[in-house]
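Shown next, in structure tokens, is the structure this report addresses.
Side chains are part of it too, since the values below use all heavy atoms of this structure and drop only hydrogens, waters and symmetry mates. Per chain, numbering begins at 1; letters A, B, ... match sequence-line order.
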There are 2 protein chains.
Amino acid sequence: MKNNVTMRDIAEKIGVSSVTVSKALNDKEGVSDELKEKIKQLAEKMGYRFNTAARSMKDGLSFNIGVIIPERFTGLAQSFYLNFYQSISRVLEEQGYYGILHILRAEDEDGLKLPRIYLEQKVDGFIILGQIKKPYIKKLQTVELPAVFMDFYDDESHMDAVITDNFYGAYDITNYLIRNGHEKIAYVGNIYSTSSIQDRFLGYYKSLLEHHIKLNEKYILNDRDNHGKYIELELPEELPTAFVCNCDQVAHILIAKLKEMGYSVPDDFSVVGFDNDIYATITEPGLTTVEVNIEEMSRTAVVFIHEKIRDKDKKHGRVQIKGNIIYRDSVKNIKKD
Amino acid sequence: MKNNVTMRDIAEKIGVSSVTVSKALNDKEGVSDELKEKIKQLAEKMGYRFNTAARSMKDGLSFNIGVIIPERFTGLAQSFYLNFYQSISRVLEEQGYYGILHILRAEDEDGLKLPRIYLEQKVDGFIILGQIKKPYIKKLQTVELPAVFMDFYDDESHMDAVITDNFYGAYDITNYLIRNGHEKIAYVGNIYSTSSIQDRFLGYYKSLLEHHIKLNEKYILNDRDNHGKYIELELPEELPTAFVCNCDQVAHILIAKLKEMGYSVPDDFSVVGFDNDIYATITEPGLTTVEVNIEEMSRTAVVFIHEKIRDKDKKHGRVQIKGNIIYRDSVKNIKKD
DNA sequence: CTGAAAGCGCTTACAG
DNA sequence: CTGAAAGCGCTTACAG
């Protein structure tokens with residue numbers, strides 16, 4: 001690649017040293033304004049492009065952030081985290097960083113194999129998008145690079161985490177159902193599966209408690225096995241009037257099942273979701289759901305990782321970003337006035 | 001970052017030069033097998049991580065590929081290209097590369113602004129995913145980096161392109177409808193919008209021609225304006241028995257509309273799509289559609305860009321990757337036997 | 001305000 | 001089989 005314009009080329013053309021060119025292009029002190037301007041213009045004219053690799057060598061920073069998504073959260077039907085990645089990648093670019101996506105294979109996660117982006121010093125830090133297994137979290141902690149968890153947390157490890165406010169989101173939307181006259185409300189989700197599903201369940205439970213509605217164990221419906229694979233939903237004998245689903249996709253599946261059984265939503269049952277992802281709009285009727293504020297979460301995570309790169313000891317702890325309820329057509333007011 | 005282990009550290013510990021360490025770790029000639037093994041083990045033990053930046057400086061290669069997606073093909077409801085990117089990113093990683101995603105903003109596309117990944121020498125080449133405007137194509141050609149188009153092509157510019165076999169895909173699936181007794185078949189798509197939609201239309205047309213079915217202009221239904229925004233579908237007065245949709249998403253929209261009008265699919269109308277994306281499985285009934293072979297296309301594009309990086313003058317032209325028909329439940333056999 | 005020197009960590013000839 | 005030297009393109013003290 002000898003045909004690339006370097007600072008030295010510019011320097012020679014103008015009769016100064018490359019140090020001066022460096023200072024000028026980086027807007028540093030110690031170059032007269034005229035010269036600065038002259039250098040900048042010549043650089044532009046010569047088609048100068050900054051060589052990131054050289055800078056990286058000097059300060060040991062790549063200005064790349066590795067965004068790690070466990071394989072099981074990807075696939076044709078699961079675009080949520082990819083959208084998340086897109087948002088992160090956008091925010092990173094605004095901040096002068098780049099996001100390198102790494103899909104963490106199940107075997108690497110189990111085998112505690114660190115991604116090559118780490119082994120090749122390709123990145124300055126990690127954003128981990130989606131719950132990873134405990135041993136892998138431990139493994140990541142042995143690594144000196146900063147990491148921020150997104151959309152999940154792990155209490156033992158005290159890693160910084162940016163999560164959606166699962167608890168209050170579920171609490172709010174359950175309150176909304178109750179305000180609409182519902183009392184027999186089921187929760188759909190494997191409450192032993194992920195922290196998100198658990199916290200959403202607890203928010204739902206809090207709402208019940210506050211309204212002195214007794215928690216009915218038969219109204220906790222399992223939606224997936226412990227590997228995250230969806231299983232056939234089993235409805236209780238005595239049916240509720242409303243369902244709080246732990247995510248929009250499960251709400252979509254539930255509604256399909258109810259329709260198959262000859263029921264109508266929201267006329268026979270009200271259903272709410274969580275996430276506001278593609279399933280919320282694609283479902284007929286549109287889902288009333290809790291929006292995950294992807295943009296705000298991305299912004300926060302990027303600020304965190306940036307600060308941690310500059311200061312290794314910086315801690316942020318667990319930060320919850322509140323989402324709003326998006327009202328669509330899957331809830332019916334059954335209050336008898 | 002002084003606390004990183006370098007080749008020199010390993011060399012000193014073992015009493016050889018860093019050249020020998022470099023040779024050993026890269027499995028080059030000129031080091032005895034014993035020494036090689038010893039060096040590798042020590043490297044492992046000392047937690048040595050290769051410094052990509054240093055290698056980049058030497059040979060001017062970043063081992064990053066910029067994957068550019070125009071903004072208008074992204075968003076919550078459009079995960080197709082993100083899935084594509086994921087597949088590309090996976091294949092790149094297998095080949096020792098990394099894919100850096102760049103969402104091309106509309107204003108940058110119109111303003112002919114090159115992405116920063118180019119200006120900062122972050123990437124060795126581009127994969128452009130999704131049709132970009134002509135002037136931007138021209139702009140890209142002024143750049144010395146190799147580029148491969150994916151899922152679209154541009155005839156004037158003779159840029160290498162990996163596309164799905166739109167023509168024969170649509171031809172095959174239209175043939176399939178005809179074999180099922182359909183003769184009044186509409187095509188849904190703005191045939192002036194993208195080359196894909198146009199080619200799929202022509203495949204549909206070829207099938208009609210071969211079966212001596214006259215093309216009815218009223219059976220060409222526009223689905224989007226020239227900015228790609230979906231518009232309300234207008235059905236012809238005399239309805240067809242089947243619809244060939246230019247993509248699954250439009251098939252989804254069409255089926256929703258037909259259902260609203262009180263019709264049933266496939267009982268009243270057969271509908272087929274193209275892409276086999278999330279809309280194909282989410283639609284009720286599941287869509288019979290032409291699968292885009294994302295994996296194979298990614299593989300091909302990565303091979304192309306890799307070859308072009310090594311040999312600037314390498315040309316591949318336009319390569320079509322054939323997809324298969326995925327049979328689901330949106331087509332009814334109406335042949336009277 | 002300007003620049004010579006040194007160094008970031010590796011690799012590529014080349015010499016022994 | 002092994003290594004000294006030079007260089008990739010930049011930046012950071014430091015000297016003037």
Side-chain angles (χ1 to χ4, degrees), chain A residues 1-40 42-43 46-64 96 118-124 310, chain B residues 1-40 42-43 46-64 96 118-124 310:
Chain A
M1 301 289 261
K2 220 26 264 73
N3 54 344
N4 265 323
V5 183
T6 69
M7 286 191 180
R8 195 217 285 271
D9 296 334
I10 300 174
E12 279 173 2
K13 206 146 206 159
I14 232 168
V16 295
S17 80
S18 61
V19 176
T20 302
V21 174
S22 169
K23 284 176 185 159
L25 293 181
N26 288 301
D27 262 328
K28 295 231 165 123
E29 303 246 301
V31 191
S32 68
D33 285 350
E34 293 154 83
L35 185 51
K36 230 180 220 179
E37 205 38 53
K38 193 170 161 196
I39 289 173
K40 282 186 185 172
L42 184 60
M46 292 174 73
Y48 172 75
R49 292 189 295 146
F50 182 73
N51 187 318
T52 323
R55 189 238 263 134
S56 287
M57 275 246 332
K58 274 301 280 183
D59 54 29
L61 256 27
S62 67
F63 287 85
N64 293 142
Y118 167 73
L119 298 170
E120 293 184 355
Q121 302 199 53
K122 266 284 191 180
V123 297
D124 303 333
R310 286 184 298 189
Chain B
M1 301 287 263
K2 212 44 247 73
N3 54 343
N4 263 324
V5 182
T6 69
M7 286 189 179
R8 195 217 285 269
D9 296 334
I10 300 173
E12 279 172 3
K13 205 145 207 160
I14 231 167
V16 296
S17 80
S18 62
V19 176
T20 302
V21 174
S22 169
K23 282 176 186 159
L25 293 181
N26 289 301
D27 262 326
K28 295 231 166 122
E29 303 243 302
V31 190
S32 69
D33 285 349
E34 294 154 83
L35 186 52
K36 230 179 220 178
E37 204 41 50
K38 195 171 161 195
I39 289 173
K40 281 186 186 172
L42 185 60
M46 293 175 72
Y48 172 74
R49 293 189 295 143
F50 182 72
N51 187 319
T52 324
R55 190 236 264 130
S56 287
M57 276 245 332
K58 273 302 280 183
D59 54 30
L61 255 27
S62 67
F63 288 86
N64 293 142
Y118 167 72
L119 299 171
E120 293 184 355
Q121 302 199 54
K122 266 283 192 181
V123 296
D124 303 333
R310 286 184 299 190

Separation of dG3(C) P from E29(A) CD (nearest whole Å): 17 Å
Integer-rounded Å distance: dT12(C) P and M57(B) CE: 14 Å
Rounded interatomic separation in angstrom, taking CG from N26(A) and P from dT12(D): 8 Å
Short side-chain N/O contact to dG9(D) OP1/OP2 from N4(A), under 4.0 Å: no
Length of the CG-P vector between D59(A) and dC10(D), whole Å: 14 Å
Residue-phosphate contact under 4.0 Å: T20(A) side-chain N/O, dG3(C) OP1/OP2: yes
Residue pair L25(A), F50(A): steps toward the side-chain contact (heavy atoms from CB on, under 4.5 Å) verdict: CA-CA 9 Å; L25(A) 293 181; F50(A) 182 73; over 6 Å; no
Euclidean distance, atom CG of residue D9(B) to atom C1' of dG7(C) [Å, nearest integer]: 15 Å
Proximal nucleotide (of dC1(C), dT11(D), dA4(D)) relative to the S18(A) side chain: dT11(D)
Any N51(B) side-chain nitrogen or oxygen under 4.0 Å from OP1 or OP2 of dC8(C): no
Donor-acceptor under 3.5 Å (S62(B) side chain, K122(B) main chain): yes
From CG (N26(A)) to CE (M7(A)), nearest 0.5 Å: 5.5 Å
Options dC10(C), dC1(D), dT2(C), nucleotide nearest the side-chain atoms of S32(B): dC1(D)
Atom NZ of K38(A) with >12 non-hydrogen neighbours under 6.0 angstrom: no
Distance test, side-chain N/O of Y48(B) to OP1/OP2 of dC10(C), below 4.0 Å: yes
Side chain of K23(A) - closest among dG9(D), dG3(C), dC10(C): dG3(C)
Sugar-phosphate only, base, or nothing, as touched by K28(A) at under 4.0 Å among non-hydrogen atoms: sugar-phosphate
Distance in angstrom units between R8(A) CZ and dA4(C) P, rounded: 11 Å
Side chain to side chain, T6(A) and N51(A), heavy atoms closer than 4.5 Å: no
dT11(D) phosphate, OP1 or OP2, under 4.0 Å from S22(A) side-chain N/O: yes
pair R55(A)-T52(A): side-chain heavy atoms closer than 4.5 Å: yes
Any donor-acceptor pair under 3.5 Å from Q121(A) side chain to R49(B) backbone: yes
Minimum-distance nucleotide (side-chain atoms of K58(B) versus dT2(C), dT11(D), dG7(D)): dG7(D)
Candidate nucleotides dT11(C), dT11(D), dG9(D), ranked by approach to the side chain of M7(A) - the nearest: dT11(D)
Spacing of L61(A) atom CG relative to dC10(D) atom C1', expressed in whole Å: 15 Å
For DNA chain C, the dot-bracket pattern of Watson-Crick and G-U pairs whose distances stay under 3.5 Å, | for other-strand partners: |||.||||||||.|||
Side-chain donor/acceptor of K36(B) to backbone N/O of K28(B), under 3.5 Å: yes
Distance below 4.0 Å between S17(A) side-chain N/O and dA4(C) OP1 or OP2: no
Spacing of R55(A) atom CZ relative to dC8(C) atom C1', expressed in whole Å: 14 Å
